[in-house]
Every structure is written in structure tokens, then in C-alpha cells.
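Residues: numbered from 1 along the sequence shown.
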Amino acid sequence: MGKTVFELFSSDLTSFAFSATLLAAYHLFLRHKLRTDPAYTIQAVNATARAAWVEGVMSKAGQEVLAVQTLRNAIMGPTFLGSTAVLLMIGTLTLTGQGDKLEHTWHALNIIGAVQRELWLVKILLLLLDFLIAFMCFAQAVRLFIHVGFMINVPACDPRRNSPQAVAAQLNRAGTYHWMGMRAYYFAAPLAFWLFGPHFMVAASVVAVAILHHLDRALN
């Protein structure tokens, strides 16, 4: 009788489940903390600052150049990161054609994990999907930043679509997409270490959560 999928890949599946649960639990922890302290994370502080910035720019005349320059600087970040995501996708696809050559090297430190080629392809596919999500998020961030560049310089004639609150909401949506793209980059680290073995994935996930908590926590 042949072995089941869990029996063949038990170590890898367990490590993947642990890592996914750890990352999900951390973000649920952040969500809980934000309910009691709206300024707990730097993302929440930045969202408040962006809304105040839009209010200040749209309430004073002569701020058009400042708004365009600031949004242009904001666009440069996701543009560079999105282009980098494309390069990483190309590099990941290159690994699929060199699996036979790199198999022994990648598995040299794989003590407890499975070494079947099917699992290797699944790992590569997940890493590729992660970079694709990062690219799409950064592309959406650029799109919304461009929209805000037009909206912020138009008189607030429509309270629903062009008020400072509506423009700030679009700007914060762009910030959220940028945050999601960066999260995809951070999640790529455990997936990349998974190529070396499931125990490396667990270790990378723990380190990633520790780093994220340090980066997410707003300074008091």
C-alpha cells in the first residue's frame, strides 16, 4: 500500500502549517492591539498622518507643487519594489529549469524534510506566487498614488468623491497596498528558506515575526 501525502511530506506540511499559523496569529495580535490602542502600529500612525497631510494641502492655496512632489516621491518606492518583484519572479522561474542541477545542493542541509521533485516544484510555485502578489500590490499602490495626484489638486466640489476625507481614503488605500507588498517580501524569506529544509522555514518564520514586531511597533 502506498503512503499518503501526509506520510510522505509530514515534516514539510507540519512546518508549513506552523509557519502559516504563526504569521496569522501575529497579525491577529496586531489587530487586537489596534482595537485598544489605535496608534499601536506605525502603519496606523502613518494613516493618520496622511489624512492630516491631505487636509492641510487641500485647505490651503499654493500647495499644488508640494503635493505633486510628495506623491512623486511616494510613487518611486513601489515602482522600484514592483520592478524588483518581476526580477525575482524571473529568477524563481529559472530555478524550475535547473532543479536537476541544484537538487543535491539545496538538499544538502535538509535533514528531516522530503526531497521529492514534486514538493520542490510546489515550493517554487508558492515562492513565485508570493512575488506575483507583491508585484500586483505595488502596481495597485502606484495606480492609486497617480489617482490621488489628480484628485488632490481639484477643488472639493463633490463631498463624496473629492472631499479631503475621500482623497485621504484613496491615499491610505495606496499605503495599504504598499504595506501588503512589503509583507509579501517578508513572507518570501520563510518560503525561500523552505527550499533548504522545513526546519529552516520554521526558524525563518520565528525570526520574521520578531523583526516584523520591531518594525510594526510605533515609537512611544
Side-chain angles (χ1 to χ4, degrees), residues 9 11-31 41-43 46 74-99 101-103 105-144 173-217:
F9 311 122
S11 299
D12 291 274
L13 292 176
T14 302
S15 299
F16 179 82
F18 173 83
S19 298
T21 302
L22 179 64
L23 292 170
Y26 168 69
H27 287 86
L28 288 176
F29 164 77
L30 287 183
R31 191 171 183 177
T41 65
I42 190 65
Q43 291 84 13
N46 287 339
I75 289 173
M76 292 175 63
T79 300
F80 171 76
L81 293 170
S83 301
T84 304
V86 173
L87 294 176
L88 291 172
M89 290 170 60
I90 295 174
T92 303
L93 288 172
T94 303
L95 292 177
T96 61
Q98 300 180 355
K101 300 178 182 179
L102 300 175
E103 182 177 357
T105 303
W106 286 101
H107 294 154
L109 301 177
N110 192 354
I111 302 173
I112 60 175
V115 296
Q116 283 84 350
R117 182 169 177 78
E118 293 81 4
L119 181 60
W120 164 270
L121 293 176
V122 170
K123 294 178 182 180
I124 295 296
L125 180 61
L126 290 175
L127 188 59
L128 180 64
L129 179 62
D130 183 80
F131 290 136
L132 177 61
I133 292 173
F135 169 77
M136 294 301 298
C137 289
F138 289 128
Q140 290 299 315
V142 171
R143 181 182 70 88
L144 289 171
R173 282 185 63 194
T176 299
Y177 276 116
H178 189 280
W179 172 82
M180 293 171 61
M182 289 302 303
R183 275 299 188 271
Y185 269 171
Y186 292 130
F187 294 166
L191 292 174
F193 275 97
W194 192 16
L195 297 173
F196 296 94
H199 49 299
F200 287 105
M201 183 187 195
V202 172
S205 298
V206 173
V207 173
V209 168
I211 294 175
L212 286 174
H213 183 263
H214 175 73
L215 296 176
D216 289 337
R217 185 72 171 90

> If you look only at pairs with a residue in residues 202-211, which of them pass as a side-chain hydrogen bond (donor to acceptor under 3.5 Å, both in side chains), with sequence neighbours excluded?
Replying inline: Ser19-Ser205
>> So, taking the atom named CG in Leu212 and the one named NE2 in His27, what distance separates them when rounded to the nearest 0.5 Å?
In response: 6.0 Å
>> Testing the basics here: between Ala141 and His178, what is the closest heavy-atom pair and its distance to 0.1 Å?
In response: CB-N, 4.0 Å
> Which of parallel (below 30°), tilted (30 to 60°) and perpendicular (above 60°) describes Phe193 and Phe196?
Replying inline: tilted
> How far does OG1 of Thr92 sit from CZ of Phe131, to the nearest 0.5 angstrom?
Replying inline: 5.0 Å
> Roughly how far apart are Asn46 CG and Thr176 OG1, rounded to 0.5 Å?
Replying inline: 10.5 Å
> Ala192 and Leu127: which non-hydrogen atoms are nearest, and at how many Å?
Replying inline: N-CD1, 4.2 Å
> What distance separates Trp120 CH2 from Asp12 CG, expressed to the nearest 0.5 Å?
Replying inline: 12.5 Å
>> Test side chain to side chain contact (heavy atoms under 4.5 Å, CB included) on Leu191 and Met201; report intermediate values, then the result.
In response: CA-CA 7 Å; Leu191 292 174; Met201 183 187 195; 4.2 Å; yes
> Between Ala134 and Gly181, which heavy-atom pair has the shortest distance, and what is it?
Replying inline: CB-O, 3.9 Å
> Could you walk me through whether Leu128 and Leu93 pass the side chain to side chain contact (heavy atoms under 4.5 Å, CB included) check?
Replying inline: CA-CA 7 Å; Leu128 180 64; Leu93 288 172; 3.6 Å; yes
> Less than 4.5 Å apart, any side-chain heavy atom of Gln43 and any of Leu30?
Replying inline: no
> Just wondering, are more than 12 heavy atoms of other shown residues or ligands nearer than 6.0 Å to CZ in Phe29?
Replying inline: yes
>> Does Val122 form a side chain to side chain contact (heavy atoms under 4.5 Å, CB included) with Leu126? I'd like the steps, not just the answer.
In response: CA-CA 6 Å; Val122 170; Leu126 290 175; 4.2 Å; yes
> How long is the span from the CD atom in Gln140 to the CZ atom in Phe135, to the nearest 0.5 Å?
Replying inline: 10.0 Å
> Does Tyr186 reach the main-chain N or O of Ala208 with its side chain, forming a donor-acceptor pair under 3.5 Å?
Replying inline: no
>> Testing the basics here: between Cys137 and Met180, what is the closest heavy-atom pair and its distance to 0.1 Å?
In response: SG-CB, 3.7 Å
>> Students often mix this up, so state it plainly: with edges at 30° and 60°, are the rings of Phe138 and Tyr185 parallel, tilted or perpendicular?
In response: tilted
>> List the residues meeting side chain to side chain contact (heavy atoms under 4.5 Å, CB included) with Thr79, not counting sequence neighbours, and say none if there are none.
In response: Ile75, Val142
> So with a 6.0 Å cut-off around CE of Met89, is the heavy-atom count from everything else above 12?
Replying inline: yes
>> Among residues at least two apart in sequence or on other chains, which ones pass side chain to side chain contact (heavy atoms under 4.5 Å, CB included) with Leu23?
In response: Phe187, Val209
